[in-house]
Amino acid sequence: MPEAPELQVTVEFLRPRLPGQAIADAQVLKPSVVRSRAASLSDDAVGREFVTIQRRGKFLLLGLSGGYALVINPKLTGGLQYVAGKQRVLKKTCVRFGLSDGNDLRYVDDRQMGQFYYVPAEQVESVPGLAEQGPDVLDNFTFDDFKAGLKGFSGEIKGVLTRGRVISGIGNAYADEILFRAGVYPFKKRRALSDDELRRIHQCSREVILDAIEEVRQRMGDQIDHKARDFLAVHNKGGQPCPQCGNAITELRANQRITSYCRRCQPGMLLKN
């Protein structure tokens with residue numbers, strides 16, 4: 001799924017391009033992703049201008065004139081395209097906005113798992129999952145704040161990170177990367193983690209995301225719907241040598257989720273509850 005690095009680069013790309021542009025026409029091609037009335041979006045959004053472009057955790061918020069907003073939760077396979085209006089519309093395109101400059105802004109999602117909201121500005125905080133997120137991974141939250149946020153959780157640390165309640169913006173791939181850099185076993189229970197391990201996770205969370213943004217920015221270019229992850233150290237690299245010790249990277253699959261880690265650099269044991 002798109003995580004903080006991909007979405008942050010998307011925001012950086014759109015900020016100099018979208019604000020001030022009006023929606024000349026709007027089409028809902030896959031109504032299943034739209035969480036407001038498709039007819040309302042197609043008709044009411046026309047004529048509104050883009051005002052603000054923001055990311056909050058794993059959500060994109062596009063503010064429109066007249067007190068409305070688009071809130072996008074791309075989930076597993078969603079993303080935005082900013083392309084020439086004459087470019088072929090792909091089958092995976094769910095929503096298309098024709099812009100006043102002749103380009104299109106398109107929401108694409110080949111598995112239609114994402115959620116696309118068109119809401120009055122005062123209803124933004126009621127979008128499911130948005131307000132429940134913890135501080136963003138790029139916010140300057142302290143180690144004490146991080147520890148305090150963890151108090152209500154007792155499960156495996158990877159699951160705690162990806163849930164987004166303690167830190168937002170981290171998904172499956174970057175949780176693997178953070179825990180690898182921190183040298184922490186991904187299945188270790190939160191209550192079993194030492195203060196030193198927690199400090200490393202807190203520090204590495206921001207470091208990994210900032211480093212990834214630099215890499216993603218170079219690889220995505222203007223193809224902002226693409227995921228660029230060939231540079232990752234361990235995620236989805238099962239069987240390949242660990243970049244730190246050379247040991248083969250372990251890859252486990254459960255509940256449609258891949259966990260990749262190095263048994264030597266991140267020692268631990270799987271235990272039944």
Side-chain angles (χ1 to χ4, degrees), residues 1-15 17-18 23 26-38 40-42 45 50 52-64 68-83 87-99 103-119 124 126-133 136-137 162-164 168-175 209 212-213 216-217 219-229 232 235-236 255-258:
M1 66 174 62
E3 301 179 32
E6 293 94 355
L7 296 178
Q8 189 66 30
V9 171
T10 296
V11 166
E12 290 177 2
F13 180 87
L14 292 177
R15 272 183 177 159
R17 294 169 171 83
L18 274 188
I23 297 174
Q27 291 180 296
V28 176
L29 304 174
K30 309 282 186 183
S32 62
V33 306
V34 177
R35 296 302 193 268
S36 52
R37 290 197 309 129
S40 173
L41 173 58
S42 299
F50 287 93
T52 57
I53 315 294
Q54 297 176 297
R55 177 186 66 82
R56 281 177 54 185
K58 288 184 280 187
F59 287 75
L60 292 172
L61 287 74
L62 311 184
L64 300 172
Y68 268 75
L70 301 171
V71 182
I72 304 168
N73 182 0
K75 295 221 169 168
L76 192 63
T77 56
L80 290 175
Q81 292 181 330
Y82 184 84
V83 296
Q87 184 168 312
R88 181 173 65 91
V89 177
L90 301 176
K91 186 178 180 180
K92 65 181 179 179
T93 304
C94 301
V95 181
R96 186 194 72 81
F97 295 111
L99 305 174
N103 288 311
D104 274 7
L105 180 70
R106 301 173 184 175
Y107 174 70
V108 295
D109 190 340
D110 56 7
R111 294 176 65 178
Q112 297 177 50
M113 295 177 68
Q115 297 169 346
F116 193 101
Y117 298 84
Y118 175 66
V119 294
V124 165
S126 67
V127 168
L130 182 64
E132 290 79 21
Q133 297 185 114
D136 190 82
V137 65
T162 58
R163 193 171 299 177
S168 62
I170 299 169
N172 192 49
Y174 285 99
I209 299 303
I213 287 171
V216 169
R217 188 183 291 123
R219 286 164 166 77
M220 283 177 66
D222 60 0
Q223 294 181 303
I224 55 173
D225 61 313
H226 287 195
K227 285 192 295 187
R229 293 181 174 170
L232 296 183
H235 182 73
N236 214 17
N255 300 321
Q256 298 183 325
R257 187 171 77 171
I258 294 172

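Only this structure's heavy atoms are used, side chains among them; waters, hydrogens and symmetry mates stay out. Sequential numbering from 1 along the given sequence is applied to the chain's residues.
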side-chain contact (heavy atoms from CB on, under 4.5 Å) assessment of R257 paired with T162: CA-CA 11 Å; R257 187 171 77 171; T162 58; 3.3 Å; yes
How far does [atom1] of [X] sit from [atom2] of [Y], to the nearest 0.5 angstrom?
X: L18; Y: I53; atom1: CG; atom2: CD1; result: 4.5 Å
X: K227; Y: M220; atom1: NZ; atom2: CE; result: 11.0 Å
X: E12; Y: R55; atom1: CD; atom2: CZ; result: 10.0 Å
X: K30; Y: K91; atom1: NZ; atom2: NZ; result: 6.5 Å
X: S36; Y: Y68; atom1: OG; atom2: OH; result: 9.0 Å
X: L29; Y: T93; atom1: CG; atom2: OG1; result: 6.5 Å

Steps toward salt bridge (charged side-chain N to carboxylate O under 4.0 Å, His left out) verdict (R106, D225): CA-CA 10 Å; R106 301 173 184 175; D225 61 313; over 6 Å; no
[X] side chain vs [Y] backbone, donor-acceptor pair below 3.5 Å:
X: R219; Y: R229; value: no
X: T10; Y: E6; value: yes
X: Q115; Y: N73; value: no
X: R15; Y: R17; value: no
X: K58; Y: I170; value: yes
X: Q133; Y: R56; value: yes
X: E3; Y: I209; value: no

Closest approach of [X] and [Y], non-hydrogen atoms and distance?
X: L76; Y: P2; value: O-CD, 3.8 Å
X: A4; Y: V137; value: CB-CG1, 3.9 Å
X: G79; Y: P74; value: N-CB, 4.4 Å
X: A69; Y: V124; value: CB-CG2, 3.8 Å
X: F97; Y: A45; value: CE2-CB, 4.4 Å
X: L232; Y: H235; value: CD1-CB, 3.9 Å

Is R111 atom CZ crowded by more than 12 heavy atoms from other residues, nucleotides or ligands, each under 6.0 Å away? no
Kindly determine whether F50 and L62 satisfy side-chain contact (heavy atoms from CB on, under 4.5 Å), including the steps that lead there. CA-CA 7 Å; F50 287 93; L62 311 184; 4.0 Å; yes
Residue pair L130, L61: steps toward the side-chain contact (heavy atoms from CB on, under 4.5 Å) verdict: CA-CA 10 Å; L130 182 64; L61 287 74; 4.3 Å; yes
Between F116 and Y107, what is the ring plane arrangement, given parallel below 30°, perpendicular above 60°, and tilted in between? tilted
Just so I know, are the side chains of F59 and L7 near enough to count as touching, which here means a heavy-atom distance under 4.5 Å? no
With a 4.5 Å cut-off on side-chain heavy atoms, are D222 and Y82 touching? no
side-chain contact (heavy atoms from CB on, under 4.5 Å), that's the test. Do L41 and L70 meet it? Break it down for me. CA-CA 10 Å; L41 173 58; L70 301 171; 4.1 Å; yes
